[in-house]
Amino acid sequence: DAEITQSPRHKITETGRQVTLACHQTWNHNNMFWYRQDLGHGLRLIHYSYGVQDTNKGEVSDGYSVSRSNTEDLPLTLESAASSQTSVYFCASRSGGGGELFFGEGSRLTVL
Amino acid sequence: GEDVEQSLFLSVREGDSSVINCTYTDSSSTYLYWYKQEPGAGLQLLTYIFSNMDMKQDQRLTVLLNKKDKHLSLRIADTQTGDSAIYFCAESRQAGTALIFGKGTTLSVSS
């Protein structure tokens, strides 16, 4: 079955370190998204991509970057981790024609 | 603003009906969704409705859409303890684009 996987599921890092969260989907979806989930804020969009070499900023993109070198992967990089980036991060994908947005299981990141 | 608004908590007894309400801001939104999140898990799609529909029923779930008031509701009939979760309302302005989520409603079902 097609799926979307995130790694690592849990990570603890220190302030100032670079961190990359991986997202891999086998749906062959063009559209991929990164959200963060925080208590009191729900899900907020960080970055998204509508295809290879396409990336766009979302609502809370400062301090994050993404790259899209192939259809299957959209890694999220925190250039210099800050305590405010402690959160649960969700990757998601959907086809360009609409329909369901499929989510990964989430990556819990703690920045000390 | 571009917020999707939901009440934060709802508590019901097992067997009762639950109604979770949501208001959205963009009258041009074409798709409206309800997602469920169980503890420690990702979000799972429960149901969605196109903006040209008023109502959609799927087993115990009924979605009502009032486009004039930009109001969406999810009714869960015969609520079970397994329905305890966070429920998110979301809107999508165009096919395939990012979903804008509300903050989520925590549903607590007591036996």
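The figures that follow rest on heavy atoms only: side chains count, while hydrogens, waters and symmetry mates do not.
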**Report entry** chain A contact via B/Tyr48 - which portion, at a heavy-atom distance below 4.5 Å
**Finding:**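 Looking at B/Tyr48, nothing touches chain A.
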Query - Which atoms of B/Gln6 approach chain A - backbone, side chain, both or neither, heavy atom under 4.5 Å - result: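 No part of B/Gln6 comes within 4.5 Å of chain A.
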Query raised in the report: Do you know the tightest heavy-atom contact between B/Ser92 and A/Arg94?
Result: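 Answer, listing the atom of B/Ser92 first, then A/Arg94: OG-NH1, 3.3 Å.
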Query raised in the report: So how far is it from A/Glu100 CD to B/Gln44 CD, rounded to the nearest 0.5 Å?
Result: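 Answer for the CD-CD pair, A/Glu100 versus B/Gln44, is 7.5 Å.
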Report task. Output the distance between atom CZ (A/Phe103) and atom CG (B/Leu99), rounded to the nearest 0.5 Å. Result ->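 Output value for this atom pair is 7.0 Å.
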With heavy-atom distances below 4.5 Å as the criterion, would you say the side chains of [X] and [Y] are in contact?
{"X": "B/Lys103", "Y": "A/Leu43", "result": "no"}
{"X": "A/Leu101", "Y": "B/Tyr35", "result": "yes"}
{"X": "B/Thr97", "Y": "A/Tyr48", "result": "no"}

Report task. Count the heavy-atom pairs under 4.5 Å between each of A/Arg9, A/Gln37, A/His29 and chain B, then report the option with the highest count. Result ->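 Of the candidates given, the most pairs with chain B belong to A/Gln37.
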Is it true that atom [atom1] of [X] has more than 12 heavy atoms of other residues, nucleotides or ligands lying nearer than 6.0 Å?
{"X": "A/Leu39", "atom1": "CG", "answer": "no"}
{"X": "A/Arg17", "atom1": "CZ", "answer": "no"}
{"X": "B/Gln59", "atom1": "CD", "answer": "no"}
{"X": "A/Arg44", "atom1": "CZ", "answer": "yes"}

same_hphob_cluster([X], [Y]) at 4.5 Å side-chain heavy-atom cutoff:
{"X": "A/Leu76", "Y": "A/Phe102", "answer": "no"}
{"X": "B/Val109", "Y": "B/Leu46", "answer": "yes"}
{"X": "A/Ile12", "Y": "A/Val88", "answer": "no"}
{"X": "B/Tyr31", "Y": "A/Met32", "answer": "no"}

Requested in this report: Considering only heavy atoms and a distance below 4.5 Å, find which of B/Gly40, B/Ala41, B/Ala98, B/Gly104 pairs most often with chain A.
Outcome: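 Top count of heavy-atom pairs under 4.5 Å with chain A: B/Ala98.
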Query raised in the report: Quick one: of B/Leu8, B/Ile86, B/Leu45, who has the most non-hydrogen atom pairs under 4.5 Å with chain A?
Result: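 Among B/Leu8, B/Ile86, B/Leu45, the one with the most close pairs to chain A is B/Leu45.
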